[in-house]
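Start at 1 with the first residue, then count along the sequence. Read the numbers this way: they start at 1 and go in the same order the structure lists the ligands and their atoms.
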Amino acid sequence: MKNGVNGSGLRLLIIIGEGPANDDIKYLEEGARQRGHLPLVVSWHELSVALDDRGPRLCAGGLPLAVDGIIHQMSTDALPGLTVLGAVEDGIAHLNSTAAVLRSADKFATHVRLAAYGVPTPDTAFCPGDRELRIFARAYGYPVVLKQPDGARGSEVALARGEDELIAKAESIRGRGRPLLVQRFVAEAAGRNHRVVVVGGRFVAAVEQTGRPGDFRSNGPGDVCRPVTLTDEEVAVVERTARAAGLDLMSADLLRGRGGPVILETNSFPAFGGFGHVDLRDPILDLIERKAAARRAGTGVPLAVPGRRPVPRKGLAPFVPPVPPAPTVSSVSSVPSATSAEGLPAAKASPAADVVRVPDGSLTSGKPPAGGKSPAGEESVTAPD
Ligand SMILES: Nc1ncnc2c1ncn2[C@@H]1O[C@H](COP(=O)(O)OP(=O)(O)OP(=O)(O)O)[C@@H](O)[C@H]1O
Ligand SMILES: [Mg+2]
């Protein structure tokens, strides 16, 4: 293996959240070791950055940490960790930039970006209050989907069949903040979602996820995943989604709508659960190896599929606010009627895991850097997007 310092394996930093590493991380760590790399699994709580006239220097336990590549599992539950990554990501090969992760955690920002790149998404409105929810729900036609802009595991996603239910459910999921999203319901995909993994701009694998009977949501307690084959059109849409999202390592939720695939959201570190039919470690490790090699060569990191500019929105009709309804009956109904009921499941706890503590003194995952130099900041890199 000719990847890291001295032609040996890469010193790979795998950043996790609070608590022990989960099974996915242990599996990835084992895969990295099998390839001859030197993985070091560290919680972001252990990391700091020292900035001086040589630039930002990654530290663990207060001591400089020399690494050749970073893979991480962080999202908005690890904002200080993302600050650390943001400080050093221009100088170290990594998967998933801070900016791409932050956007992906925001469902509405993701929709805006995807729409600009010509990726089909359901009509969605960002609503500061009930007045706007009512207006856009009428425009889309009941039933509509209501969700928190940054919810997960379906726990803050609800279906409203009429205005009273809309306002009641808005109140019940509003706990963490007033603005909510109201979205056109893709009725023909009720209870069924395709979770699709794309790495380095290339489709890797997909599973069909189905929820509990009677629930329009495909995720949550009791959901079932099975491998599924995507059509060429769906593969093209998810690869475009990854380019638009700027995510090296992504899973996307794809619904099979009547008019073709629509993308519901992106996630920045896919859970491996349900993907037992494929070894997700291979494309992930291939990509970080390519990125680290490109950085050493100073050539930048080409994604497998070249980035594209946003699709020009020629011919897009100017936005016209929906006409307020007549006082009697609700006026707009352009969406097929609902096919499923809904029961709100409790949020599922994330799997727990084992933090590997950074050893005091030796912080370079066991391998001294060549010439005692940290590779951080050594070479310039071309952004992948
Ligand atoms: N507009 C929609 N039309 C049909 N079904 C929807 C729609 N929005 C959400 N759903 C269903 O609800 C599920 C959960 O919604 P979504 O993926 O937006 O949020 P989340 O599950 O909270 O996020 P995450 O998947 O990151 O945990 C989807 O997988 C899908 O089955
Ligand atoms: Mg989802």
Tell me the protein heavy atom at minimum distance from [atom], and give that distance in Å.
atom	result
atom 15 (O) of ligand 1	Val157 CG2, 3.7 Å
atom 22 (O) of ligand 1	Gly154 N, 3.0 Å
atom 27 (O) of ligand 1	Arg153 N, 2.4 Å

Carboxylate-amine/guanidinium proximity below 4.0 Å for [X] and [Y]:
X	Y	result
Arg192	Glu208	yes
Arg296	Asp68	no
Arg195	Asp253	yes
Asp282	Arg35	yes
Arg33	Glu30	no
Glu163	Arg138	yes

Between Glu89 and Thr98, is any side-chain donor less than 3.5 angstrom from a side-chain acceptor?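 Indeed, the side chains of Glu89 and Thr98 share at least one donor-acceptor pair under 3.5 Å.
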Between Glu265 and His111, is there a side-chain donor-acceptor contact under 3.5 Å, judged purely by atom types and distance?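 There is no such pair between these side chains.
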His277 and Phe275 aromatic ring geometry - parallel, tilted or perpendicular at 30°/60° bounds: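 Ring orientation, 0 to 90° scale: parallel.
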Quick check on contacts: which atoms of ligand 1 are under 4.0 angstrom from a heavy atom of [X]?
X	answer
Leu255	3 (N), 4 (C), 5 (N)
Ser218	28 (C), 29 (O), 30 (C), 31 (O)
Gln183	1 (N), 2 (C), 7 (C), 8 (N)
Asp253	17 (O), 25 (O)
Asn193	29 (O)
Glu265	16 (P), 17 (O), 19 (O), 20 (P), 23 (O), 24 (P), 25 (O), 26 (O)

Lys NZ or Arg CZ of Arg281 over Tyr27 ring: under 6.0 Å, within 45°: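 Yes, a cation-pi geometry holds between Arg281 and Tyr27.
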State if Glu156 counts as touching ligand 1 under the rule of any non-hydrogen atom under 4.0 Å.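 Checking ligand 1 against Glu156, which is what was asked, there is no heavy-atom contact under 4.0 Å.
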Heavy-atom distance under 4.5 Å between the side chains of Phe216 and Val157, does that happen here?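 Phe216 reaches Val157 side chain to side chain.
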Going by heavy-atom distance to [atom], choose the closest among [options].
atom	options	answer
atom 14 (C) of ligand 1	Asn219, Val145, Thr124	Asn219
atom 30 (C) of ligand 1	Asn267, Asp123, Leu264	Leu264
atom 19 (O) of ligand 1	Arg217, Glu188, Lys147, Lys107	Lys107

Part of Arg195 within contact of ligand 1 (heavy atoms, under 4.0 Å):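 Within the 4.0 Å criterion, Arg195 contacts ligand 1 through side-chain atoms alone.
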Nearest heavy-atom neighbours spanning Asp223 and Ser218: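 Minimum heavy-atom separation between Asp223 and Ser218: CB-O, 3.2 Å.
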Atom of Val228, atom of His194 and distance for their closest heavy-atom approach: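 Smallest interatomic distance, heavy atoms only, reads CG1-CD2, 3.5 Å.
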Would you say that more than 12 heavy atoms from the other residues, nucleotides or ligands in this model lie under 6.0 Å from the CG of Asp52, or not?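 More than 12 within 6.0 Å, yes.
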Purely on distance, is any nitrogen or oxygen of Val186 under 3.5 Å from one on ligand 1?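 Such a contact does occur with ligand 1.
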Any nitrogen or oxygen of Arg192, side chain or backbone, less than 3.5 Å from one on ligand 1?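 Between Arg192 and ligand 1, no N or O pair is found under 3.5 Å apart.
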Near the Mg ion (ligand 2), which protein N/O/S atoms fall under 2.8 Å?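 Near the Mg ion (ligand 2), the protein supplies Asp253 OD2, Glu265 OE2.
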